[in-house]
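Naming: A, B, ... by sequence-line order, numbering from 1 per chain.
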Number of protein chains: 2
Amino acid sequence: MSRPLDDTDRAMLRALVADGRQTVRALAKVVGLSEPSVRDRLQRLERDGVIEGYHAELAPTEVEAGTAAFVALRFDPSKQAKDAMNKALTHEPCVLEVHEVAGEDCYLVKVRVSSTEALADTLDRIRAMPSVHSTNTTIVLRTILERPLLPR
Amino acid sequence: MSRPLDDTDRAMLRALVADGRQTVRALAKVVGLSEPSVRDRLQRLERDGVIEGYHAELAPTEVEAGTAAFVALRFDPSKQAKDAMNKALTHEPCVLEVHEVAGEDCYLVKVRVSSTEALADTLDRIRAMPSVHSTNTTIVLRTILERPLLPR
DNA sequence: GTTGAAAGAGCATAGTT
DNA sequence: AACTATGCTCTTTCAAC
């Protein structure tokens with residue numbers, strides 16, 4: 001196991017979630033420690049898997065993904081069918097999230113596509129996946145808030 | 001308006017979504033152009049708002065956010081109530097996404113918390129917000145897939 | 001769009017307390 | 001786990017093509 005995070009770790013994480021490209025020097029200024037110390041901590045956070053990666057955030061409308069929707073999926077919940085579903089959904093680039101949820105629906109799937117027409121095509125492909133019983137799609141009219149996970 | 005993205009732009013975007021901290025030099029190798037060209041394109045993508053930012057991705061279980069849930073919110077859909085709701089939800093750190101959706105529910109809210117107990121507390125706070133009629137919460141048992149938006 | 005060069009900023013690796 | 005000091009890499013900004 002890894003040590004619990006202290007206040008300095010959390011300050012670094014918050015800074016890196018806000019700006020993932022900032023330099024170690026800038027981080028050192030933020031937390032008030034020397035560069036090597038901050039670098040050691042950063043490497044530890046990365047090695048311990050607290051930081052899973054760094055990603056550019058793209059504007060959905062600029063990359064033909066201005067339409068979002070959530071698809072509640074029901075399907076045969078056998079282990080085999082699940083594995084096949086996971087693989088098939090992962091191969092759909094517009095499928096951004098898949099959550100196994102409690103309740104009558106098996107999966108809750110978040111998709112981002114260019115238009116409602118593209119959404120229709122995506123839904124056709126999802127419904128054509130083996131063992132799918134039904135889909136119930138909720139279209140997003142407007143995204144009010146979408147932000148990355150912050151520490152504590 | 002800005003120019004449409006070409007294949008080089010998209011290659012750069014894909015590389016930066018996969019690793020948002022890589023250097024211009026590394027990017028130049030990926031797309032097969034010189035550093036100055038890549039740097040010019042990168043600055044354009046940032047200025048045009050195609051790239052909205054760079055963020056560290058944190059492991060939910062490592063930052064006390066191992067429990068996810070989706071909350072379907074119904075409330076008085078007046079403009080005034082909406083503004084108040086948006087503000088109140090934004091002030092909840094565990095609320096990561098808020099989507100205004102079509103259908104009977106007004107908002108679909110994604111939350112990440114440390115435990116089901118913390119989820120109960122969060123739901124109490126959401127239900128206590130002015131004009132809320134009802135909430136319907138779906139707990140995530142397992143997140144199968146969660147990935148950032150990629151270009152086309 | 002390219003190459004090349006020079007200056008500054010940032011990073012990594014020590015050795016020390 | 002923190003610091004200072006040093007060499008090295010990368011970035012940045014020119015120029016000229």
Requested in this report: Enumerate the residues from residues 28-37 of chain A whose closest heavy atom to DNA chain D is under 4.0 Å, giving them by residue number; use none for an empty result.
Outcome: A:Leu33, A:Ser34, A:Pro36, A:Ser37

Report task. Please answer whether the main-chain N or O of A:Leu119 pairs with a side-chain N or O of A:Thr116 as donor and acceptor at a distance below 3.5 Å. Result -> no

Query - Salt bridge A:Asp83-A:Lys87, side-chain N to carboxylate O under 4.0 Å - result: no

Report task. Choose from D:dC10, D:dT12, C:dT13 the nucleotide whose nearest atom is closest to any side-chain atom of A:Arg39. Result -> C:dT13

Query raised in the report: Do B:Glu62 and A:Arg152 sit within salt-bridge range, that is, some charged N less than 4.0 Å from a carboxylate O?
Result: no

Report summary line: Between the OG1 atom in B:Thr135 and the CE atom in B:Met129, the distance rounded to the nearest 0.5 Å is 11.0 Å

**Report entry** side-chain contact (heavy atoms from CB on, under 4.5 Å) involving B:Ala15 - partner list, sequence neighbours excluded
**Finding:** B:Gln22, B:Leu27, B:Val30

Report summary line: The correct set of residues in residues 40-51 of chain B placing a heavy atom under 4.0 Å from DNA chain D is none

Query - Near-strand residues of residues 5-24 of chain B, defined as heavy-atom separation under 4.0 angstrom from DNA chain C - result: none

Query - Partners passing side-chain contact (heavy atoms from CB on, under 4.5 Å) against B:Arg41 (at least two apart in sequence or in another chain) - result: B:Asp6, B:Thr8, B:Asp9, B:Met12, B:Leu33

Report task. List for me each residue that meets side-chain contact (heavy atoms from CB on, under 4.5 Å) alongside B:Asn86, sequence neighbours excluded, and say none if there are none. Result -> A:Ile144, B:Tyr107

Report task. Inspect the contact between A:Arg112 and A:Glu146 and indicate whether a charged nitrogen and a carboxylate oxygen are less than 4.0 angstrom apart. Result -> yes

Query raised in the report: Side-chain donor-acceptor pair under 3.5 Å between A:Glu97 and A:His99, yes or no?
Result: yes

**Report entry** Sidechain N-carboxylate O distance under 4.0 Å for B:Lys82, B:Glu100
**Finding:** yes

